[in-house]
Amino acid sequence: QVQLVESGGGLVQAGGSLRLSCAASTTIFSVNAMGWYRQAPGKQRELVAVIARGGITNYADSVKGRFTISRDNAKNTMYLQMNSLKPEDTAVYYCEASFAGTDYWGQGTQVTVSS
């Protein structure tokens, strides 16, 4: 019923930037919170950033000051601006949102940062 599609991943050099997008198939205006997660090889999925309906954001310590999460309700899209990328940021990044008490996940987009 709800589809989330990530885009914007790719291969970048350390210190570079990427902007990830998460497009929802329905309005996100009423969604209390949406977030970005990532999963690197050999690691469990971890929270990267969350943005609540009221604009409150929360970031993992490892990305604080480098990543910025935002949402455009009119476009039903969430973004993750990633600057000063490091090799340890390499992972599959996933979009997550809750609708009517059910969590929905995108298929993920690969981000690879080379030294």
Distance check, rounded to the nearest 0.5 Å: Met34 atom CE versus Glu96 atom CD? 8.0 Å
Rounded to the nearest 0.5 Å, what separates atom SG in Cys22 from atom OH in Tyr104? 13.5 Å
Under the rule for salt bridge (Lys or Arg N to Asp or Glu O under 4.0 Å), what residues qualify as partners of Asp61, not counting sequence neighbours? Lys64
What residue pairs, at least two apart or across chains, pass ring pair (Phe, Tyr, Trp, His ring centres under 6.0 Å) with a residue in residues 50-71? none
Do the side chains of Val50 and Thr57 get nearer than 4.5 Å, heavy atoms only? no
Could you grab the distance from atom CG of Leu18 to atom CE of Met82, nearest 0.5 Å is fine? 4.5 Å
Atom OG1 of Thr112 and atom CG of Leu85: how far apart are they, to the nearest 0.5 Å? 10.5 Å
Pairs touching residues 9-19 that satisfy side chain to side chain donor-acceptor pair (under 3.5 Å), sequence neighbours left out: Gln13-Ser114, Ser17-Asn83
In residues 87-94, what donor-acceptor pairs under 3.5 Å come from side-chain atoms, sequence neighbours left out?
unit_1, atom_1, unit_2, atom_2, d
Asp89, OD1, Arg38, NH1, 3.0
Asp89, OD1, Arg66, NH2, 3.0
Asp89, OD2, Arg66, NH1, 2.8
Asp89, OD2, Arg66, NH2, 3.4
Asp89, OD2, Lys86, N, 2.8
Thr90, OG1, Pro87, O, 2.9
Thr90, OG1, Val113, N, 2.9
Thr90, OG1, Val113, O, 3.4
Tyr93, OH, Arg38, NH1, 2.9
Tyr93, OH, Asp89, O, 2.7

Counting N and O atoms only, with roles assigned by atom type, does the side chain of Arg71 sit under 3.5 Å from a partner on the main chain of Ile28, one being a donor and the other an acceptor? yes
Nearest 0.5 Å, what's the CD1-CD1 distance between Ile56 and Ile51? 10.0 Å
Tell me which donor-acceptor pairs under 3.5 Å the side chains of residues 4-11 have, and how far apart each pair is, sequence neighbours excluded?
unit_1, atom_1, unit_2, atom_2, d
Glu6, OE1, Gln107, N, 3.0
Glu6, OE1, Gly108, N, 2.9
Glu6, OE2, Cys95, N, 2.8
Glu6, OE2, Gly108, N, 3.2

Is there any salt bridge (Lys or Arg N to Asp or Glu O under 4.0 Å) pair reaching into residues 101-111, and which pairs are they, with sequence neighbours excluded? none
Does any pair with a residue in residues 35-55 pass ring pair (Phe, Tyr, Trp, His ring centres under 6.0 Å), and if so which ones, sequence neighbours excluded? Tyr37-Trp105
Contacts of Asn58 meeting side chain to side chain contact (heavy atoms under 4.5 Å, CB included) (sequence neighbours excluded), chain-then-number -> Leu47
Those residues that, when tested against Gln3, pass side chain to side chain donor-acceptor pair (under 3.5 Å) (two or more places apart): none
Side chain to side chain donor-acceptor pair (under 3.5 Å) filter on Thr68, not counting sequence neighbours, yields none
Find the distance between OG1 (Thr27) and CG (Asn76) and round it off to the nearest 0.5 Å. 5.0 Å
Contacts of Ser70 that satisfy side chain to side chain contact (heavy atoms under 4.5 Å, CB included) - sequence neighbours left out: Tyr79
Looking at every non-hydrogen atom in both residues, tell me the closest pair between Val31 and Phe99 and how far apart they are. CG2-CE2, 3.2 Å
